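Attaching a single structure in structure tokens format; questions to follow.
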Amino acid sequence: MKIYDTLTAEKREFIPLHEGRVGMYVCGPTTYDYAHIGHARPAIIFDMLRRFFEYKGYDVVLISNITDVDDKIINRAKEKDAEPIEMAHYYAREYLKDMDALRVRRANIIPKATRHIEEIIELVKTLVNKGYAYESGGDVYFSVEKFRDYGKLSHRKPEEMLAGARVEVSDKKRNPLDFALWKAAKPGEPSWMSPWGPGRPGWHIECSAMSMNYLGPTLDIHGGGADLIFPHHENEIAQSEAASGKVFARYWMHVGLVRFEEEKMSKSIGNVFLIRDLLKKYPPEAVRIMYINAHYRKPFDFSEKNLEDSRKLMEKIWSVYLSLKKSARCGVATDNTKNLVDKTRKEIITALEDDFNTREAIRHYLEFINKVRDAKDEDAFLAIEFLEEMDYIFDILPRGTTENLEENLIKLLLRIRERARKNKDFGTADWIREELKKLGIKVEDTKDGPRWVKL
RNA sequence: GGGCAGGUGGCAGAGAGGUUAUGCGCGGGACUGCAGAUCCCGUCUACUCGGGUUCGAAUCCCGACCUGCCCUCCA
């Protein structure tokens, strides 16, 4: 397995710290609003990566945090006249609901910053004691010049950063690039007691504290959106490695940003599509397919047309899958199909092992779909088995069990409709089809009778 | 100003020195009460530009132009 590592800027063979195990940490959102499809991309990609490791037999521990105390949260809460932490927790729950809807499996641990204040304070203390950090007016700052490797992840030198950039100037900082590990609380802000007075953690420190707490000083894969490379991940490296003296993450993976009309999708620009709104119109599997169908490191141009195309792809996959199900019979498949399955499996795994190239993988998947669409009996059975095997990773097939009653009622309606059609009562026939469509059930007439798909 | 990705057919988007990407769309046919789906056939000199390397480049090298992201909160 090769993984593109942002730090070394090349694809490298993936070798976990402990054989057979993978420790992953993925930066989750700061929850001060509902999640948009930009958030869904890393969540879906890392979810599938985790499933792929498991598929290959690794034990995976995935930690994905939620930032529940931060300037943005405090400001938003002020606007809404809400209690900041409470509000953050509300949006955190809603975030998880949205991700559940997208079939993103939950991380093993979803830590929150406010639940790890002690570890954070300990880490800051260590950095102060080691001389990497200093207290200044109730704040604690990390001293960038003390960490000689600062800039290695984002491939920048500290001098260059100052050149054309706007850096927040503060007379509390010794160097404008220094960043806050601990912030003194202003009146009315959430705060915790610390050796430097009441305050709260800086943005970057929580991830260092929590990842080292759960995965040890060195983790295998650290991931997140590409916008986190600088300053967030750069600062995490500085803090963590300064404190532990060890390599913080062996591989850094960054998912390309989602854009809309050539611009980054971002709350501050206002061009966001909320996941909950999109899911009213499109099935979650279509969203997954949309992201599978693009290389994870490239920026992704979102549009409804794009989602619509993905939905069509999904319908194609589903319709082949469902028709295979109808003609499948348990037994031994022909060599032809066996070979096709083995070949496709190999192609898909090879693609995913090449820096998780889901785009290439789905191409082979679709070629397979096209070739087996007419398979019968034992061949259909094997094809289904294979698609379901792959679904451990992709999770895009229709969810199996419709409630029996529901299913029987639909069949009953379709029989009524068939009777109407036979009597040339097309008004009634079309009306039933229309009404079912409104309920999310698509009906298609085929030579073998009506077929329906629940969207 | 600096760092990093890219520029592929009507559109979306892979690939990566010589072999069909794929999907959508579009045209024709089969099927059909209609719609849809499906099948068959077809569709567009596709690879930003200019040089170079090579028997051969969309794919490698040099240069130019263009776009986006990051350098400030952001998945």
Side-chain angles (χ1 to χ4, degrees), chain A residues 6 9 26-30 32-33 35-46 64 67 70-73 75 95 151 153-168 177 203 223-232 234 254-259 262-269 272 289-290 293-295 297-303 305-317 319-320 323 351 357-367 369-370 373-374 420-422 424-427 429-430 433-434 437 442-448 450-451 453:
Chain A
T6 308
V26 175
C27 287
T30 299
Y32 63 94
D33 208 336
H36 59 71
I37 43 149
H39 296 109
R41 173 128 102 141
I44 288 173
I45 293 296
F46 286 111
S64 190
T67 299
D70 159 275
D71 290 347
K72 287 251 164 187
I73 293 171
N75 293 339
Y95 169 78
L153 180 70
S154 51
H155 307 288
R156 277 181 267 245
K157 297 192 176 67
E159 312 87 76
E160 290 168 351
M161 289 185 212
L162 287 169
R166 290 164 35 214
V167 188
E168 190 193 340
L177 291 177
W203 175 36
D227 50 351
L228 297 181
I229 296 172
F230 192 91
H232 187 55
E234 192 69 61
H254 294 280
V255 176
L257 297 183
V258 176
R259 309 187 298 186
E262 300 274 288
E263 246 188 328
K264 176 182 170 180
M265 186 169 299
S266 156
K267 293 169 200 170
S268 43
I269 299 171
V272 296
I289 288 172
M290 182 175 83
N293 213 187
H295 190 108
R297 277 192 281 126
K298 280 199 178 178
F300 184 89
D301 284 299
F302 174 81
S303 65
K305 183 185 175 297
N306 214 149
L307 227 195
E308 184 59 40
D309 285 356
S310 301
R311 185 240 286 275
K312 282 178 184 159
L313 247 183
M314 182 205 83
E315 281 175 20
K316 185 187 177 118
I317 293 167
S319 93
V320 171
S323 80
N357 192 340
T358 56
R359 189 42 145 107
E360 184 68 7
I362 203 72
R363 189 191 124 199
H364 295 298
Y365 186 98
L366 292 170
E367 278 172 5
I369 289 272
N370 278 330
R373 63 155 48 103
D374 295 321
R421 290 178 74 212
K422 228 166 243 162
K424 309 259 181 237
D425 179 7
F426 299 121
D430 291 350
R433 186 168 61 190
E434 272 309 300
K437 195 177 176 188
K442 203 166 117 181
V443 177
E444 287 165 6
D445 295 317
T446 72
K447 274 179 213 150
D448 311 322
R451 182 173 64 189
V453 180

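Below, chain A is the first sequence line, B the second, and so on; all start at residue 1. Predicted model only: the values in this text are computed from it and were never measured.
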- Thinking salt bridges, do A:K437 and A:E434 make one under a 4.0 Å N-O criterion? no
- Query: For A:D374 and B:C40, what is the distance between atoms CG and C1' respectively, to the nearest whole Å?
  - Reply: 13 Å
- Pick the P atom in B:A21 and in B:U45, then give their distance to the nearest Å. 14 Å
- Query: Separation of A:R259 atom CZ from B:G68 atom P, in whole Å?
  - Reply: 8 Å
- Which part of the nucleic acid, if any, lies within reach of A:V26 when heavy atoms closer than 4.0 Å are counted: base, sugar-phosphate only, or nothing? nothing
- Figure out the NE2/C1' separation between A:H295 and B:A12, and round it to whole Å. 17 Å
- Item | Contacts of type salt bridge (charged side-chain N to carboxylate O under 4.0 Å, His left out), residue A:K316, not counting sequence neighbours | none
- Query: What interatomic distance, in whole Å, is found between P of B:C44 and the corresponding atom of B:G27?
  - Reply: 15 Å
- Query: Across the strands shown, which category fits A:R451 at heavy-atom distances under 4.0 angstrom: base, sugar-phosphate, nothing?
  - Reply: sugar-phosphate
- Item | Closest nucleotide among B:C73, B:G15, B:A75 to the A:K72 side chain | B:C73
- Touch check for A:L228, heavy atoms < 4.0 angstrom, all strands: base, sugar-phosphate only, or nothing? sugar-phosphate
- Message: Please report the distance separating the P of B:G15 from the corresponding atom of B:U8, rounded so that it comes out in whole Å.
- Response: 14 Å
- So which one's nearest nucleotide on RNA chain B is more toward 5', A:E444 or A:A40? A:E444
- Shortest non-hydrogen contact between A:C27 and A:L228, atoms and distance: CB-CD1, 3.6 Å
- Spacing of the C1' atoms in B:G56 and B:C65 (rounded, Å): 28 Å
- Note on the structure: Sorted by chain and number, sequence neighbours left out, ring-ring contact (aromatic ring centres under 6.0 Å, His included) with A:H364 holds for none
- Task: Considering just the side-chain nitrogens and oxygens of A:K298, establish if one lies under 4.0 Å of OP1 or OP2 belonging to B:A14.
- Result: yes
- Message: Applying a 4.0 Å non-hydrogen cut-off, can you work out what A:G38 is touching in the nucleic acid: base, sugar-phosphate, or nothing?
- Response: base
- Taking salt bridge (charged side-chain N to carboxylate O under 4.0 Å, His left out) as the test, write out the residues that go with A:D430, two or more places apart. A:R433
- Query: Which nucleotide in the list B:G33, B:C34, B:A14 gets nearest to the side chain of A:A429?
  - Reply: B:G33
- Nearest-0.5 Å distance that lies between atom CZ in A:R363 and atom CD in A:E360: 4.5 Å
- Task: Starting at atom CZ of A:F230, determine the distance to atom C1' of B:G2, rounded to an integer number of angstrom.
- Result: 12 Å
- Message: Suppose you measure atom P in B:C60 against the same atom in B:A5; what distance do you get, rounded to whole Å?
- Response: 14 Å
- Query: When we call it a touch if two heavy atoms are under 4.0 Å apart, what does A:G28 touch: a base, just sugar-phosphate, or nothing?
  - Reply: sugar-phosphate
- Considering only heavy side-chain atoms of A:P29, the closest of B:A75, B:C70, B:G15 is B:A75
- Item | Rounded P spacing from B:G23 to B:C66 in Å | 36 Å
- Output all residues satisfying ring-ring contact (aromatic ring centres under 6.0 Å, His included) with A:Y365, sequence neighbours left out; order by chain, then residue number. A:F394
- Query: For RNA chain B, whose closest nucleotide is more 5', that of A:S154 or that of A:F426?
  - Reply: A:S154
- A:R156, nearest nucleotide to its side chain (from B:C4, B:A75, B:C70): B:C70
- What residues, two or more places apart in sequence or in another chain, satisfy salt bridge (charged side-chain N to carboxylate O under 4.0 Å, His left out) together with A:R297? A:D355
- Could you tell me the separation between the CD1 atom of A:I229 and the OG1 atom of A:T6, rounded to the nearest 0.5 Å? 5.0 Å
- Query: Between A:H155 and B:G3, is there a side-chain N or O to OP1/OP2 distance below 4.0 Å?
  - Reply: no
- Separation of atom NE2 in A:H364 from atom P in B:G15, rounded to whole Å: 11 Å
- Task: Could you check how far CG of A:D430 sits from P of B:G36, rounded to whole Å?
- Result: 12 Å
- Query: If we take the P atom in both B:U59 and B:C49, what is their distance in whole Å?
  - Reply: 10 Å
- Rounded to the nearest angstrom, tell me the gap between atom CG in A:D301 and atom C1' in B:A12. 9 Å
- Where RNA chain B forms runs of at least three Watson-Crick or G-U pairs (i with j, i+1 with j-1, under 3.5 Å), the stems are B:1-7 with B:65-71, B:10-12 with B:22-24, B:25-30 with B:38-43, B:48-52 with B:60-64
- Message: So, under a plain 3.5 Å distance rule, would you say the side chain of A:R433 forms a donor-acceptor pair with the base of B:A35?
- Response: yes
- Residues at least two apart in sequence or cross-chain that pass ring-ring contact (aromatic ring centres under 6.0 Å, His included) with A:F46, listed by chain then number, are none
- Within the side chain of A:S64, is there an N or O that forms a donor-acceptor pair under 3.5 Å with the backbone of A:V26? yes
- A:D227 CG to B:A5 P, in whole Å, measures 17 Å
- Note on the structure: Per-nucleotide protein contact along nucleotides 22-27 of chain B, 5' to 3', at a 4.0 Å heavy-atom cut-off (B base, S sugar-phosphate only, - neither), is BSSS--
- Note on the structure: The salt bridge (charged side-chain N to carboxylate O under 4.0 Å, His left out) partners of A:E444 (sequence neighbours excluded) come to A:K442, A:R451
- Query: C1' atom, B:C55 versus B:U38: distance in rounded Å?
  - Reply: 46 Å
- Task: Please work out if A:D445 contacts a base, only the sugar-phosphate, or nothing of the nucleic acid, heavy-atom cut-off 4.0 Å.
- Result: base
